[in-house]
*Asks:* 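Please find one structure pasted underneath; my questions will follow.
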Amino acid sequence: MYKLLFLTLLFLSQIIFAQTSIAPQDSVANRLVEKHKKLNAVRQSMPGYRVQLYFGNDRNHANEMRTEFLHEYPKAGAYVLYHQPNFKLRVGDFKTRLEAVKFLKEIQIDYNTAFIVQDDVKLPEE
């Protein structure tokens, strides 16, 4: 009888110990999730696609093309990037390649050398 009582108490103590040892791991996971949320809130971008319209070393030409593009497509974003020694004009903020392909087909009449590139894009407004 005492052996049975002793084994029961031993078994219960193991269960209680196992459950208390999980709690610190949960708090670490929760802290990591909160840190990830804060980083994403600051970053304001995500991996996606854009359409590249220009690549070259003429800043004025890149800015002129940007102005012309925004005149025709005011709702699409247009970004002039500088990667030494060249400027790039990239347009749009697409989450999927399919969205970028659809937009490329729409503008390809005016911009026949345009092509799709992977880029960090702005998060959609909620």
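One is the number of the first residue; the rest follow in order along the sequence. Note that the structure is predicted; figures quoted are calculated from it, not measured.
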*Asks:* Would you check, one step at a time, whether the test side chain to side chain contact (heavy atoms under 4.5 Å, CB included) holds for Phe115 with Val117?
*Replies:* CA-CA 7 Å; Phe115 58 95; Val117 293; 3.4 Å; yes
*Asks:* For Val101 versus Ile116, what's the shortest heavy-atom pair and its separation?
*Replies:* CG2-CD1, 3.4 Å
*Asks:* Please report the closest heavy-atom contact between Glu72 and Tyr111, naming both atoms and the distance.
*Replies:*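 Minimum heavy-atom separation between Glu72 and Tyr111: OE2-OH, 4.2 Å.
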*Asks:* For a quick test of reading the model, state the closest non-hydrogen atom pair linking Leu89 to Ala78 and the distance between them.
*Replies:*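 Scanning both residues completely, I find the closest heavy atoms to be CD1-CB, 4.4 Å.
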*Asks:* Tyr54 and His61: side chain to side chain contact (heavy atoms under 4.5 Å, CB included), yes or no, with the steps?
*Replies:* CA-CA 9 Å; Tyr54 175 75; His61 185 66; 3.2 Å; yes
*Asks:* Answer yes or no for Arg50 and Tyr79: cation-pi contact, defined as NZ/CZ to six-membered ring centre under 6.0 Å and angle to ring axis within 45°.
*Replies:*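 Yes, Arg50 sits over the ring of Tyr79.
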*Asks:* Could you report the tightest heavy-atom contact between Met46 and Lys95, atom names first, then the distance?
*Replies:*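 Distance-wise, the nearest heavy atoms are CE-CG, 3.1 Å.
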*Asks:* Okay, side chain of Tyr73, backbone of Gly77: is any donor-acceptor separation there less than 3.5 Å?
*Replies:*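 Flag not set: sc Tyr73 to bb Gly77 has no pair under 3.5 Å.
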*Asks:* With a 4.5 Å heavy-atom cut-off, do Met65 and Leu53 have their side chains touching?
*Replies:* yes
*Asks:* Would you mind reporting whether Glu64 and Thr67 have side-chain heavy atoms less than 4.5 Å apart?
*Replies:* no
*Asks:* Taking a hydrophobic cluster as the set of Ile, Leu, Val, Met, Phe, Trp and Tyr residues connected by side-chain heavy atoms closer than 4.5 Å, whether directly or through intermediates, do Tyr82 and Val91 fall within one such cluster?
*Replies:*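 Both belong to a single hydrophobic cluster.
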*Asks:* Determine whether Leu81 and Asp119 make a side-chain contact, defined as any pair of heavy atoms from C-beta on separated by less than 4.5 Å.
*Replies:*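 When only atoms from C-beta onward are counted, Asp119 and Leu81 do touch, with a gap below 4.5 Å.
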*Asks:* Would you call the rings of Phe103 and Phe69 parallel, tilted or perpendicular, where under 30° means parallel and over 60° means perpendicular?
*Replies:*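 The rings of Phe103 and Phe69 stand perpendicular, inter-plane angle above 60°.
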*Asks:* If you group Ile, Leu, Val, Met, Phe, Trp and Tyr by side-chain heavy-atom gaps below 4.5 Å, do Val51 and Leu70 land in one group?
*Replies:* yes
*Asks:* Any sub-3.5 Å donor-acceptor pair from Glu34's side-chain atoms to Asn30's backbone N or O?
*Replies:*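 Pair absent, no side-chain N/O of Glu34 close to backbone of Asn30.
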*Asks:* What is the distance from atom CZ of Arg90 to atom CD of Gln52, rounded to the nearest 0.5 Å?
*Replies:*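 Atom-to-atom, Arg90:CZ and Gln52:CD are 4.5 Å apart.
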*Asks:* So, does Asp93 use its side chain to make a donor-acceptor pair with the main chain of Lys122 at under 3.5 Å?
*Replies:* yes
*Asks:* With side chains defined as the heavy atoms from C-beta onward, is the minimum distance between Glu99 and Tyr49 less than 4.5 Å?
*Replies:*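 Side-chain contact under 4.5 Å: no.
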